[in-house]
Each structure stands twice: as structure tokens, then as C-alpha cells.
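As the structure lists them, so they are numbered: ligands from 1, and atoms in each ligand from 1.
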Amino acid sequence: MKMNWDNLGFGLTPTDFMYVMKTSGDGCVFDDGQITPYGNIEISPSAGVFNYGQGLFEGAKAYRREDGHVQLFRIEENARRIKMGADRLCMPAPSVEQFVDAITKTVLANKHWVPPAGKGSLYLRPLLFGSGSVLGIGPAPEYSFIIFASPIGNWYKNGSSAMSLLIQNKVARASLGGTGGIKSITNYAPVFEVVQKAKAQGFADVLFLDAATGKNIEEVSSCNIFIVKGNLISTPALQGTILPGITRRSVIEIALDFGYQVEERDVPVKEVLDADEVFCTGTAVGITPVASITYQDKKVEYKTGEETVSNKLRVNLTGIQTGAMEDKMGWTVMID
Ligand SMILES: Cc1ncc(COP(=O)(O)O)c(C=O)c1O
């Protein structure tokens, strides 16, 4: 297939190969996996994932540098996060080494699908799920780990990619003691309805509030959120209700390195409406400015564009991820 790299969007473009690894024996240990042609998998209707939602996913990207080499960004953090989620959902997880090896093999097998420098990235989607049959409610007796890939475009193109968000107080995404802090597949469909309604009204996404008080912001359906006021950058603390984003952590470290004051704490809606800037972070969106937030029919607009804190952070993070800037943090690894 001849790709037009200039028109890459966010839909799935299937690539040639995927990675498949299963547990064997007592269902606790992952055997050596293999690269296989991308395609459908066979699975029992009584698999744990279909019946009881025992499943996790991850998201990562491979980037092509200007010199043509391909690199990964903090990939061992994805391995640690899936392990954390697996512990919570009573699943075995691949070791960090197995995870990184599997990602590397998947990227190398699909190397010609990594877009040219600056045109996008190869999005990687690891899945971990109960594939064994189970009828009584409980963990499955066998697990599968699969990685597939798809080239995608850059979210941030220019100022026009700034998001407009809606705060609503009908649906909470996660609650204390729940699974908001892991990338469980069960966290996503419950917000489809409210996000679809917001999109139909012209919003890019929904900004969720904490379930306990409805007073503090938490995160957006697929990314974390930060607010900026003067030299202070604030983001909701990790209390098990928001995903510990790898981009979130990286932004905090870069911002501290730049000399900003960074606070992880409760962030009240009141303060968000009074911020200078707001921005979202995630593997898919990178660092994307928020143009406006609508709350109780009131729309507040924020500063976007070249002269913003979020743009300074974005240029730096993207530079590291794509190899255009020196990686003093030691976050990237070239794999070819
Ligand atoms: C709910 C949610 N929050 C935040 C993020 C951002 O996390 P990361 O920066 O690791 O991609 C994601 C995406 O992975 C997500 O699904």
C-alpha cells in the first residue's frame, strides 16, 4: 500500500504484523511470544475479558528521527503501568523486559509503517486480557498479550488544534477505590454517551470532576489536564481516580527543569475558570492547549499560541520524543 504521509489522521491503518504471547501451564507465566501476520484472533465466547471485563490496554508511539532511525519514549513506564493494572485485575503481566522486547519486535517488523520525521508516529496498542474460559465470576485461567500498530498523524498541527472542553456534572469517570488509576478497558465505554453528546454540541471532549464532591477537576476522557497561573503549573494529584499519564509525569519533570513551580493537588473548578492557560497531555494528543472550558453555560477562554507556557513545554517534549532535541533526561531509546 502506498501511503500518503501528509494526510495521516487518527483512524486505524492496519500494519503487516502483530505480536502475540500467551500464558501457559497454570496461566501465570507468559511464554515467548511471536510476531505473526496482523489479523483476527480466535477466542472463546466464555473468555474472561468478554464476560467480566478482565482487560487492560496501553498506548505508546515509535518516532522516526530526522536521521531515519526509529526511537521509543519511556517505554518501560508503559510496562510498569500495565503491571500495576494487572495486579489490580488479578492478571499476570509480561515482565518489563518482555514488554520492551515485544514492543521493539513489533516496531521493527512494521518499520516501514513508521511515518517520516515530522509527519506522525507509529501508534502501538498493547492489550492484556483474560482469554481463558470462565463461567463463575472470577479471574480467567489463561491470558493473552497482543500488540498491534497503526501509523497516525500529529494531533498538534497549529493553534487550530486547541480543544474546547465541557464540564458536566452528570457522569463521573471514576471514584475513590475504583479503577480510574489503571488503564482498564472498563473505564472507557461508560463515558461514551456523555462524550458523544458533548461532541455533538461542538466540544472536543469532556473534563470530568471528582465523584466525591464534584468540586475538583480530574481528567479528560483520554488525557490528563494542567492549568497555568503565572509561574505556577497545577495538575490533579494521583489518588487512584486519574490515570498516571506518562506524558503528565514528563511534563512535570520538564516544567520543574525550566524553573516553573509545579503542584500536584486538588484543583478546584473555581481556579480552573480563573487560569491563564489550560492544556491537556497524553500519548495521543501530546501537549495540546485548551482554547475554552464551558461550565454551567458559562464559557471561559484561555491563552493559546506561540507565547504560552504550554507551547514552550510542547516544543521541548516533542523535540525529545522525535530526536530533534538532545535527550538529557535519558527517556528515549533508538531501536534500529
Ligand atoms: C484516561 C486517560 N488519561 C490520561 C491519559 C494519558 O496518559 P499517557 O500520557 O501515558 O498517554 C490516557 C492515555 O493513555 C488516558 O486514557
TODO: Give a yes/no verdict on a cation-pi contact between R173 and Y188, requiring under 6.0 Å between NZ or CZ and the six-membered ring centre and an angle within 45° of the axis.
DONE: yes
Open item on the list: Check this for me: does any side-chain nitrogen of one of R81 and E58 sit under 4.0 Å from a carboxylate oxygen of the other?
Closed with: yes
Task: Test side-chain contact (heavy atoms from CB on, under 4.5 Å) applied to V285 and T283, I287, T281, T288, the passing residue - done: T288
Open item on the list: Please check: side-chain N/O of T308 versus main-chain N/O of N311, any donor-acceptor pairing under 3.5 Å?
Closed with: yes
Task: K312 charged N/C atom sitting above F258 aromatic ring, 6.0 Å / 45° - done: yes
- [ ] Give a yes or no on whether a salt bridge exists between D31 and K22, defined as a side-chain N under 4.0 angstrom from a carboxylate O.
- [x] no
Give a table of atom pairs where an N or O of ligand 1 lies under 3.5 Å from a protein N or O.
from     : atom 1 : to   : atom 2 : distance (Å)
ligand 1 : 3 (N)  : E219 : OE1    : 2.6
ligand 1 : 9 (O)  : I246 : N      : 3.2
ligand 1 : 9 (O)  : T247 : N      : 2.9
ligand 1 : 9 (O)  : T247 : OG1    : 2.5
ligand 1 : 10 (O) : R81  : NH1    : 2.8
ligand 1 : 10 (O) : R81  : NH2    : 3.2
ligand 1 : 10 (O) : I246 : N      : 2.8
ligand 1 : 11 (O) : T283 : N      : 2.8
ligand 1 : 11 (O) : T283 : OG1    : 2.6
ligand 1 : 14 (O) : K183 : NZ     : 2.7
ligand 1 : 16 (O) : K183 : NZ     : 2.9
ligand 1 : 16 (O) : Y188 : OH     : 2.6

